[in-house]
Each structure stands twice: as structure tokens, then as C-alpha cells.
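To start, the structure itself, in C-alpha cells.
Every number for a ligand or one of its atoms is a count from 1 in the order of the listing.
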Amino acid sequence: MEIINRKQRMASIARKLRRESKTVGFVPTMGALHEGHLTLVKEARQMSDIVIVSIFVNPTQFGPGEDFERYPRDLTADAAMLAEYEVDYVFAPDTDEIYIPGFSTYVYVEGLTETLEGASRPGHFRGVATVVTILLNTVRPDLAFFGSKDAQQVGVVKRLTRDLGFETEIVVVPTVREESGLAMSSRNAYLNEDERQKASILYQALREAKLAFKNGERNASAIAQIVEDKIATEPLARIDYVAVVSNDDLEPIDKIADSEVLVAVAVRFGKVRLIDNVILNRKQ
Ligand code: PAF
């Protein structure tokens, strides 16, 4: 496994791999790797000849007062894990390799980025879309792997690859959960043991929504209410939003019909903000 710091070297290896007709699978991360990331890597390993993982804590997707400075960083530990999973290249650039001096070009995906996480974290998706564009342009993978915990990010990335004509196929991998049901996230490391147990209320609430849907509930606000009521039973939890929206365009809906519906939540536990979601569809 080679660790690459320079964008130019990464791009030149990517060119060589394309000339050799290798299938390249790419997993973009911000490091602090956990089982969720490793599941993406395993999937990439199965579907590709060459696996490239990027580790880059992207400053432009953090808002003022968010956790950019204290975001967990441990390249040595992350690289050791990736070596075990037979990753071929780790791309770990410094900030000024990605945001070169005088950088002034950003990618903004309209509409989709204005609700949910976009409304709570202004500028977040501009940062995500910009860095993902730079990374895809450098690595030029055949496949790129994203976790469905970040459902809105998946939508944004799919839209930008389509609109900007990237040939990369976006592969979405189901959320990996702790035994309690809590979705794996690098930010879980900020929770103390008590908060970590109690944070499983997010998934319990989402499961109740799923059950209600299975039992015939089709009213979006009733589903949202079920989720809110359940989360409200946990005194440590402070709801940022509970949304029941179309999974295609993230527009709010009244009645759940045939197309997929995303039930998404963002909840604070102390200073830690957690997100999670489930998809409702008739085929489940
Ligand atoms: O999901 C993440 O870890 C980040 O948003 C990503 C896609 C690596 C972009 O910085």
C-alpha cells in the first residue's frame, strides 16, 4: 500500500491505471475510520481491481463553530487499518494540495442542498460538492463508494456526477450500526458512554416509523410525529429536525405513495450532532 500526499502523483497513478484498463474503486473519507468506512472499503475491494481511499479533513465543509479543529485525526492508525483491508493507495493530501493558493472555484448543487443538513449547516454541501469534484477529477475512479447514513450527501454527489458528466458510478452502501442500533460515525467518538447508549434512541424512533409504515400509515406528518415523540422520551436528546421527504429530490411530501420516502433526523446530544435515516418503500 502506498500513501500519496501529492495531487499530481495521485493523478499520474490514476492515468496509468486507466491505461492498464484496471477498474478503480474509490472511497473518499475524512479519516477517523470505523466499521462503516471499512464496509465501504470491503465493498470496493470486491468490486474493483484497485482500491484507493482518500483521507482529507475538508475545511470547506465545516461551518464556523463546528468541529474542524478537533475533528479526530490519526493517519498512522487509519493507514494501518487500510493496509489490513488490502487497499492499494491512500491519498492523504495536505490542505494546500487541494485548495491551492488563490483557490476560488466552488461547486454548488442547487435545490437539493438547501434543505435538511443544508439548512442547518449553511455552506456544508458547497464544501462537500467542491472537494468531491476535486477528488473525482484527480482519481477518476470507475466506482465511488458512499454510505447511506449521509443520505443527502449521496443525493448531492449523484446529482453533481450526473450534471458535470463524471463517468464514475456512485455505489451506495447501507449504514453500519453499533449493537445498540446507533449508526456508526466518526463523531460518536465525542459521546461519553451514557450518551452513546442513549443515542440509540434515533434508530429506535426510525424503526417505529418503519413499523407504522408497514402497518399502513401513509401520512407523512403522522410518521414525523411518531419519530419526534419517541426521541422526546430521551431527556438528553435535542431535535434539530425530523423530516419526511421524497428520496428523489428531498421535497416534503404529505402522503406516502409508491416512490421511496426518506425519514431523516438530526439530533444533538450535548455538543454532538448526530444524523440518521431510514427509507420507506412498499417493497420492504
Ligand atoms: O462523508 C465524508 O466523510 C465527507 O463528507 C467526504 C465525502 C469524504 C467529503 O469530504
Side-chain angles (χ1 to χ4, degrees), residues 4 7 10 25-41 43-44 51-63 66-75 77-79 81-82 87 89-99 103 106-109 112-113 116-118 120-141 143-161 164 166 168-176 183-190 264 266 272-277:
I4 298 170
K7 197 167 81 172
M10 187 69 259
F26 176 51
V27 183
T29 81
M30 298 205 300
L33 301 180
H34 52 67
E35 208 49 53
H37 296 111
L38 297 173
T39 304
L40 301 179
V41 172
E43 197 70 19
V51 176
I52 304 177
V53 176
S54 66
I55 297 183
F56 179 67
V57 185
N58 174 36
T60 62
Q61 69 186 73
F62 290 79
E66 289 189 355
D67 54 347
F68 175 66
E69 298 300 340
R70 67 176 184 131
Y71 198 84
R73 291 165 174 85
D74 190 345
L75 181 58
D78 287 344
M81 266 187 238
L82 294 175
V87 166
Y89 299 97
V90 176
F91 179 41
D94 283 341
T95 306
D96 55 7
E97 277 290 301
I98 297 294
Y99 297 106
F103 187 93
Y106 292 87
V107 178
Y108 178 64
V109 179
L112 267 186
T113 60
L116 311 180
E117 288 303 282
S120 296
R121 304 179 65 191
H124 170 67
F125 285 118
R126 186 180 83 138
V128 170
T130 302
V131 80
V132 168
T133 301
I134 297 169
L135 291 169
L136 292 182
N137 209 20
T138 307
V139 177
R140 297 291 184 102
L143 307 164
F145 296 80
F146 290 84
S148 63
K149 179 178 75 72
D150 298 303
Q152 192 174 9
Q153 171 168 280
V154 167
V156 169
V157 169
K158 280 186 171 170
R159 183 68 61 85
L160 87 82
T161 50
L164 300 181
F166 281 103
T168 304
E169 182 189 329
I170 304 304
V171 182
V172 184
V173 178
T175 303
V176 181
M184 298 251 180
S185 161
S186 305
R187 291 191 168 101
N188 292 354
Y190 302 144
V272 190
R273 187 170 175 283
L274 300 172
I275 59 170
D276 201 351
N277 66 76

Is a side-chain N or O of T130 found less than 3.5 angstrom from the main chain of Y106, in a donor-acceptor match?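 No, because the side chain of T130 does not come within donor-acceptor range (under 3.5 Å) of the backbone of Y106.
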
May I ask you to identify the nearest protein heavy atom to [atom], giving residue, atom name and distance to one decimal place in Å?
atom                    : answer
atom 1 (O) of ligand 1  : Q153 NE2, 2.8 Å
atom 3 (O) of ligand 1  : M30 CG, 3.7 Å
atom 10 (O) of ligand 1 : Q61 OE1, 2.6 Å

Using distance alone, with no hydrogens and no angle criterion, decide if N58 and Y71 have a side-chain donor and acceptor under 3.5 Å apart. no

Using the ring of F166 (Phe, Tyr or Trp, six-membered ring only), decide whether R159 places NZ or CZ under 6.0 Å from its centre and within 45 degrees of its axis. no

Report the C-alpha separation of T60 and R126 in whole Å, then their side-chain angles, then the decisive distance to 0.1 Å, and conclude whether the side chain to side chain contact (heavy atoms under 4.5 Å, CB included) test is met. CA-CA 8 Å; T60 62; R126 186 180 83 138; 6.0 Å; no

Within the 4.0 Å heavy-atom shell around V131, which atoms of ligand 1 are there?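 Near V131, meaning under 4.0 Å from one of its heavy atoms, ligand 1 has 9 (C), 10 (O).
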
Near T29, which atoms of ligand 1 are under 4.0 Å from a heavy atom of that residue? 8 (C)

Among V132, L136, T138, N137, which residue satisfies the side chain to side chain contact (heavy atoms under 4.5 Å, CB included) criterion with I134? T138

